[in-house]
Amino acid sequence: MKFTLQVQDKLSQARAGVLETAHGKIETPIFMPVGTAGTVKAVHQHELVNDIQAQIILGNTYHLYLRPGLDVLNKAGGLHKFNGWDKPILTDSGGYQVYSLTEVRKIREEGVTFRSHVDGSKHLFTPENVMDTQRIIGADIIMAFDECTPYPCDYNYARRSLDMTHRWLKRCCDRFDSTEPLYGYDQTLFPIVQGSVYKDLRAKSAEVIASFEREGNAIGGLSVGEPAEEMYAMTEVVTNILPKDKPRYLMGVGTPINILENIALGIDMFDCVMPTRNARNGMLFTRNGIINIKNEKWKDDFSPIEAESDLMMDQVYSKAYLRHLIRSQEILGAQIASLHNLHFYLWLVKQAREKIIEGTFYEWKEKMVKILGQRL
């Protein structure tokens with residue numbers, strides 16, 4: 001993997017770059033649609049490529065490990081072959097999913113034992129077998145196995161958890177470096193900065209993660225319920241320490257405003273289930289603000305879903321029709337809304353990139369954050 005930093009904004013820490021992987025180039029800043037179980041929900045691959053213009057998607061180690069299982073993925077030749085996606089893929093390690101199974105998991109130095117949400121069967125994730133699992137899945141970028149601390153979190157717990165995450169990282173790197181990719185192309189491993197909302201822990205973690213000198217770095221544990229101001233403060237602490245010549249990935253973030261503010265703090269890569277999950281519930285993100293399409297006011301609004309958008313779906317279908325579909329729980333409603341929101345997110349980061357290159361990012365960002373949170 002190779003990362004080239006192209007432009008640095010003069011009024012903020014925002015950057016534009018290019019990330020090169022075995023499955024193609026990614027222009028940053030970038031948003032990565034989440035394909036938890038090998039699919040971005042309700043979206044075809046050709047729509048991801050042609051309509052949304054996604055450059056990279058996510059898979060989730062925990063879910064893929066349980067279904068379809070490693071045997072099937074191995075026989076298929078990895079996730080790219082299995083789901084027909086020939087561009088880059090990133091997998092998260094499953095640490096967040098295991099963390100969320102609070103009632104059915106136990107965390108120890110060895111790793112985490114948990115019970116499957118599918119059938120209740122018992123499993124063990126260790127730093128070593130999670131590396132092996134992500135080798136089998138075959139993503140271009142894989143994540144270290146970490147513990148994602150909850151919010152709020154006691155300082156002493158956060159400190160102990162952080163130390164264990166760093167010990168696990170050493171084990172991840174040792175296993176990754178002593179094994180080979182399975183499908184004839186390179187993979188790369190990103191460590192994850194943790195530390196809850198404690199500046200000293202975040203700074204310590206960023207320094208430890210940087211010392212491993214991997215090809216990119218991730219920041220975890222900042223989309224678990226903390227106020228946005230604390231997220232930004234922690235991100236700033238970390239980006240001031242992580243090396244500038246490597247990509248920085250903020251995991252699980254977030255709203256359009258979150259994304260713009262974190263781009264301004266020096267983040268290059270984002271992912272979040274919000275555009276698709278909220279779409280299925282009728283929330284649309286637009287360049288003029290947020291629409292709850294289920295509201296009565298859209299019942300006989302026959303204007304396009306978003307007139308300024310170049311997405312065909314936004315031009316062909318009206319707000320009234322999409323409201324009808326969503327309220328009737330028609331599958332097409334979820335498909336249209338998901339396409340719309342993902343297209344908007346990719347449009348937003350593409351605009352940010354263009355403004356960084358033009359030298360007008362900061363003024364544009366300040367204007368956009370006032371608009372994007374409005375309820376229409």
Side-chain angles (χ1 to χ4, degrees), residues 1 3 16-60 63-64 78-92 137-143 185 187-188 190 216 218 247-256 258-260 262-263 267-280 284-287 305-306 309-314 334-354 356:
M1 194 193 80
F3 181 65
V18 176
L19 188 62
E20 297 176 55
T21 76
H23 284 93
K25 293 182 179 180
I26 303 156
E27 294 185 332
T28 63
I30 192 64
F31 179 83
M32 305 178 282
V34 177
T36 302
T39 169
V40 178
K41 280 187 172 59
V43 180
H44 293 105
Q45 306 294 31
H46 71 86
E47 292 169 327
L48 280 171
V49 174
N50 299 320
D51 298 327
I52 294 164
Q53 297 177 1
Q55 299 176 49
I56 176 174
I57 62 172
L58 261 71
N60 180 262
H63 288 281
L64 292 168
L79 184 57
H80 288 93
K81 294 278 181 65
F82 187 60
N83 72 357
W85 175 258
D86 64 0
K87 292 178 181 289
I89 295 177
L90 181 150
T91 43
D92 81 21
I137 296 169
D140 300 85
I141 301 170
I142 74 174
M143 290 293 121
Y185 55 84
Q187 296 175 282
T188 192
F190 281 22
R248 302 160 178 159
Y249 162 34
L250 183 58
M251 304 178 76
V253 175
T255 67
N258 291 160
I259 287 173
L260 291 185
N262 282 296
I263 288 173
I267 297 296
D268 307 296
M269 303 166 70
F270 301 87
D271 80 284
C272 190
V273 297
M274 186 174 282
T276 46
R277 180 179 289 168
N278 289 25
R280 296 192 297 275
L284 306 182
F285 298 100
T286 78
R287 46 193 96 182
I305 293 169
E306 187 166 16
S309 167
D310 62 0
L311 178 68
M312 185 195 72
M313 302 280 184
D314 285 342
Q335 291 177 301
I336 294 169
S338 297
L339 273 169
H340 166 85
N341 277 355
L342 286 172
H343 178 269
F344 170 77
Y345 267 63
L346 269 295
W347 171 84
L348 187 68
V349 292
K350 187 176 182 182
Q351 284 287 298
R353 177 181 166 80
E354 289 175 2
I356 293 166

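Worth saying up front: this structure is predicted, and the values here are computed from it rather than measured.
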field: Closest contact, heavy atoms only, Leu58 versus Met32
entry: CD1-CB, 3.3 Å

message: Rounded at 0.5 Å granularity, tell me how far CG in Leu339 sits from CE in Met313.
response: 5.0 Å

message: Between Ser338 (side chain only) and Gln335 (backbone N and O only), is there a donor and an acceptor less than 3.5 Å apart?
response: no

message: Looking at every heavy atom in both Phe270 and Ile263, which two are closest together, and how far apart are they?
response: CE1-CG1, 3.5 Å

message: As a quick check of understanding, evaluate side-chain contact (heavy atoms from CB on, under 4.5 Å) for His343 and Asp51, giving each step before the final call.
response: CA-CA 7 Å; His343 178 269; Asp51 298 327; 5.6 Å; no

message: Show the nearest heavy-atom pair for residues Pro29 and Ala16, with the distance to one decimal.
response: CD-CA, 4.3 Å

query: What heavy-atom pair brings Gly38 and Leu79 nearest, and what distance separates the two atoms?
result: CA-CD1, 4.1 Å

field: side-chain contact (heavy atoms from CB on, under 4.5 Å) between Lys87 and Ile57, intermediate numbers included
entry: CA-CA 8 Å; Lys87 292 178 181 289; Ile57 62 172; over 6 Å; no

message: My understanding is that only residues two or more places apart in sequence, or in another chain, count here; which of them pass salt bridge (charged side-chain N to carboxylate O under 4.0 Å, His left out) with Asp268?
response: Arg15

message: With heavy-atom distances below 4.5 Å as the criterion, would you say the side chains of Leu348 and Phe285 are in contact?
response: no

query: Distance from Phe3 atom CZ to Thr188 atom OG1, nearest 0.5 Å?
result: 13.0 Å

message: Quick one, Leu346 and Ile30 - any side-chain contact, counting heavy atoms below 4.5 Å?
response: yes

- prompt: Quick one: does Leu48's side chain get under 4.5 Å of Pro33's, heavy atoms only?
  reply: yes

message: Please give me the minimum heavy-atom distance between Ala279 and Asn341, naming the atom from each residue.
response: CB-ND2, 3.5 Å

- prompt: Do Val49 and Trp85 touch side chain to side chain, with heavy atoms closer than 4.5 Å?
  reply: yes

field: Exercise: do Asp140 and Tyr185 side chains pair donor with acceptor under 3.5 Å
entry: no

field: Met269 side chain near Ile26 side chain, heavy-atom distance below 4.5 Å
entry: no

Sidechain-backbone polar pair: Trp347 side chain, Lys350 backbone, donor-acceptor under 3.5 Å: no

- request: Among residues two or more places apart or on two chains, list those pairs meeting side-chain hydrogen bond (donor to acceptor under 3.5 Å, both in side chains) that have a residue in residues 26-37.
  value: none

field: Where Tyr345 and Pro256 come nearest, the two heavy atoms and their spacing
entry: OH-CD, 3.3 Å

- prompt: Could you give the distance from OG1 (Thr91) to CD (Gln187), rounded to the nearest 0.5 Å?
  reply: 7.5 Å

- line: Residue set satisfying salt bridge (charged side-chain N to carboxylate O under 4.0 Å, His left out) with Glu306, at least two apart, ordered chain then number -> Arg287

- line: Interatomic distance, NZ@Lys81 vs CG@Asn83, rounded to 0.5 Å, equals 12.0 Å

field: Side-chain donor/acceptor of Asp271 to backbone N/O of Val34, under 3.5 Å
entry: no

field: Residues Leu311, Phe344; criterion side-chain contact (heavy atoms from CB on, under 4.5 Å); working and verdict
entry: CA-CA 9 Å; Leu311 178 68; Phe344 170 77; over 6 Å; no

- prompt: Atom CG of Leu250 and atom CD1 of Ile259: how far apart are they, to the nearest 0.5 Å?
  reply: 9.0 Å

message: Checking the side chain of His80 only, and the main-chain atoms of Pro88 only, is there a donor and an acceptor separated by less than 3.5 Å?
response: no

Distance (rounded to the nearest 0.5 Å) between Thr255 OG1 and Met274 CE: 6.0 Å

